[in-house]
Q: 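One structure coming up, written as structure tokens, with questions to follow.
We use all heavy atoms of the structure for the numbers below, so side chains are in, but hydrogens, waters and symmetry mates are not. When a ligand or atom number is given, it counts from 1 through the structure's own listing order. Predicted model only: the values in this text are computed from it and were never measured.
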Amino acid sequence: MDVRETLKDKQKIVIKVGTSTITHEATGNIDLDKLEKFVRILTNLINKGKEVIVVSSGAIGIGRNVLGMKERPKDKATAQACAAVGQGKLIMIYEKLFAEYGYLTAQVLLTKESIANKTCAQHAKETFDQLSAMKVIPIVNENDAISVDEEKYGNFGDNDTMAAYVAALVEADLLILMSDINGLYTDDPKENPNARFVHTVSNIDSNLVKMGRGAKSSVGTGGMATKIKAAKIATKANADMVIANGKSIYTINDVMAGKKIGTLFLAANSEYKGENEVAPIKDIYKKHMDKVNKRRHGGGEDELHASNW
Ligand SMILES: Nc1ncnc2c1ncn2[C@@H]1O[C@H](COP(=O)(O)OP(=O)(O)O)[C@@H](O)[C@H]1O
Ligand SMILES: N[C@@H](CCC(=O)OP(=O)(O)O)C(=O)O
């Protein structure tokens, strides 16, 4: 069986949406149409018998937007205040949309301590388990109103790694990170036009870690660096992880249908592990590099690959 087919059978799924996925790029306002579709897609997964846990970013972005701020807040207190305003709005909308389909939601706000401190983590797990038993959908975010740069434990700062910790805590079998890009490339394609798409990752080695660079958008936090970190956490906890493009939220259905879309990181215990699968080098670039290699060393394919990695 093709490894992607196995995604159809995943039962407990953590889905993280970034600020860029749920807001309009031009205005920073909530993209209601997208959120409505997102909730319908999740409801449909639940109706199929799956369990979903939502990790939603957006508190700071939405808060800053309704407060009329043009720039990302630079100081801690303002960021925290924006989060406090935005989180309320965000949860209100999720609650309303899920209620339309007869589902209850629960707001779960975590801090780094919730995971790093064993007792707190146990309490958090009990909450998730109980919500699951009650068929209530958790909508999770970092408690940014109090945890921005929290001193003792630090803060997550990005929801990618937090979502991975949540996936590990609830023993999910799949984590999906919806991003503003198709998945992982060998380099940030916004900077390097020759970056190649990475379809499947079996081993998160040092080469792969080097590929993940920071965020370039005005709303995104973390970029691919935090997603690779998240992949390490999730796969170690035996969950597969997919990074996919949230531009069309229906991509979630494609992932769940087993289509070869996004980047799939295989769980540590996956029987499908092999070589990392990277898209072939672009034709024009390949021809150019062939010429360069030949001129320089009379070399071929091997050097071409080495130089690109
Ligand atoms: N190797 C890479 N492959 C793909 N994207 C990368 C890579 N390195 C850095 N990035 C950047 O990461 C961004 C996605 O992360 P981020 O801005 O945090 O958005 P989001 O929260 O929507 O996921 C991409 O738009 C891209 O600019
Ligand atoms: N917890 C923050 C989001 C942090 C974060 O990772 O943002 P993003 O890169 O948009 O997923 C918030 O709700 O604004």
Side-chain angles (χ1 to χ4, degrees), residues 15-23 25 28 30-31 34 54-66 72-73 78-91 94 107-112 139-150 155-166 176-199 201 204 207-231 241-247 249 251 262-263 278-279 308-309:
I15 304 186
K16 180 254 171 178
V17 281
T19 311
S20 61
T21 301
I22 60 163
T23 56
E25 197 182 348
I30 297 181
D31 187 339
K34 186 86 94 51
V54 180
V55 173
S56 180
S57 299
I60 298 176
I62 291 164
R64 120 188 178 204
N65 190 258
V66 296
R72 190 198 283 257
T78 310
Q80 296 186 154
C82 287
V85 173
Q87 181 63 27
K89 278 202 149 297
L90 191 62
I91 206 74
Y94 277 114
Q107 172 178 254
V108 182
L109 297 178
L110 300 175
T111 61
K112 193 95 182 268
I139 314 288
V140 190
N141 197 356
E142 180 161 14
N143 195 351
D144 301 302
I146 58 156
S147 75
V148 175
D149 265 347
E150 193 272 330
N155 62 330
F156 291 111
D158 73 272
N159 275 350
D160 300 322
T161 44
M162 192 190 73
Y165 281 120
V166 170
I176 303 178
L177 301 181
M178 298 305 286
S179 182
D180 67 350
I181 196 154
N182 293 341
L184 175 69
Y185 289 78
T186 50
D187 196 0
D188 187 347
K190 288 179 184 158
E191 309 240 299
N192 179 355
N194 300 312
R196 292 186 291 156
F197 193 68
V198 182
H199 292 288
V201 176
I204 306 176
N207 266 335
L208 198 103
V209 171
K210 273 187 228 148
M211 293 173 191
R213 307 197 190 275
K216 287 279 155 349
S217 78
S218 61
V219 293
T221 315
M224 279 299 140
T226 53
K227 287 175 184 61
I228 293 173
K229 205 171 146 199
M241 184 183 114
V242 175
I243 303 172
N245 201 330
K247 197 166 180 158
I249 202 71
T251 308
T263 302
V278 183
N308 202 46
W309 278 68

Q: When only distance counts, is Ser20 in polar contact with ligand 2, meaning an N/O pair under 3.5 Å?
A: no
Q: Please work out whether any backbone atom (N, CA, C, O) or any side-chain heavy atom from C-beta onward of Asp187 is under 4.0 Å from ligand 1, and answer side chain, backbone, both or neither.
A: backbone
Q: Identify the heavy atoms of Pro73 and Arg64 that sit nearest to each other, and give their distance.
A: CD-CD, 3.9 Å
Q: At their closest point, which heavy atom of Tyr185 faces which heavy atom of Gly183, and how far apart are they?
A: CD1-O, 3.6 Å
Q: Checking the side chain of Lys34 only, and the main-chain atoms of Thr21 only, is there a donor and an acceptor separated by less than 3.5 Å?
A: yes
Q: With no hydrogens and no angle check, is any side-chain donor or acceptor of Thr186 less than 3.5 Å from a backbone partner on Arg196?
A: yes
Q: Mind telling me whether Tyr165 and Phe156 have parallel, tilted or perpendicular rings, with 30° and 60° as the class edges?
A: tilted
Q: Restricting to non-hydrogen atoms, name the atom on Gly61 and the atom on Thr19 that form the minimum distance, rounded to 0.1 Å.
A: CA-CG2, 4.4 Å
Q: Which is it for Lys16 and ligand 1 at heavy atoms under 4.0 Å: side chain, backbone, both or neither?
A: side chain
Q: Heavy-atom distances under 4.0 Å are what count here, so tell me which part of Pro189 touches ligand 1: side chain, backbone, both or neither.
A: side chain
Q: Could you work out, with side-chain hydrogen bond (donor to acceptor under 3.5 Å, both in side chains) as the rule, every residue matching Thr111, not counting sequence neighbours?
A: Ser114
Q: Any nitrogen or oxygen of Ala59, side chain or backbone, less than 3.5 Å from one on ligand 2?
A: yes
Q: Does Thr19 approach ligand 2 within less than 4.0 angstrom via side chain, backbone, both or neither, non-hydrogen atoms only?
A: both
Q: Out of Ala83, Ser56, Ser57, who is nearest to atom 8 (P) of ligand 2 when you count heavy atoms only?
A: Ser57
Q: With atom 14 (C) of ligand 1 as the reference point, say which of Asp180, Thr263, Thr21 has the nearest heavy atom.
A: Asp180
Q: Which of the numbered atoms in ligand 2 are below 4.0 angstrom from a heavy atom of Lys16?
A: 8 (P), 11 (O)
Q: If you take the nearest heavy atom of each of Met224, Lys190, Lys210, Lys247, which one is closest to atom 5 (N) of ligand 1?
A: Met224
Q: Could a heavy atom of Gly183 be found less than 4.0 Å from some atom of ligand 1?
A: yes
Q: Do any nitrogen or oxygen atoms of Asp160 come within less than 3.5 Å of a nitrogen or oxygen of ligand 1?
A: no
Q: Using only heavy-atom distances, determine whether the side chains of Ser20 and Asp180 contain a donor-acceptor pair under 3.5 Å.
A: no
Q: When you measure from the side chain of Thr226 to the backbone of Asp160, do you find a donor-acceptor pair of N or O atoms at a distance under 3.5 Å?
A: no
Q: With heavy atoms of Lys227 as the reference, note each atom of ligand 1 found under 4.0 Å away.
A: 15 (O), 16 (P), 18 (O), 20 (P), 23 (O)
Q: Tell me every residue that passes side-chain hydrogen bond (donor to acceptor under 3.5 Å, both in side chains) with Ser56, counting only those two or more places apart in sequence or in another chain.
A: Tyr94
Q: Using heavy atoms and a threshold below 4.0 Å, how should the contact between Asp144 and ligand 2 be classified: side chain, backbone, both, or neither?
A: side chain
Q: For the 3.5 Å polar cut-off, considering only N or O atoms, please tell me whether Thr19 and ligand 1 meet it.
A: no
Q: Geometry only, no angles: is Val17 polar-contacting ligand 2 at N/O separations under 3.5 Å?
A: no
Q: So is Asp158 polar-close to ligand 2, meaning N/O to N/O under 3.5 Å?
A: no
Q: At a 4.0 Å threshold, what atoms of ligand 1 neighbour a non-hydrogen atom of Met211?
A: 1 (N), 2 (C), 8 (N)
Q: Please list, in number order, the atoms of ligand 2 under 4.0 Å from a heavy atom of Gly18.
A: 10 (O), 11 (O)
Q: Mind listing the closest non-hydrogen atom pair of Leu109 and Gln87 along with its distance?
A: CD2-NE2, 3.5 Å
Q: For residues Ser57 and Asn159, report the shortest heavy-atom separation together with the two atoms involved.
A: OG-ND2, 2.9 Å
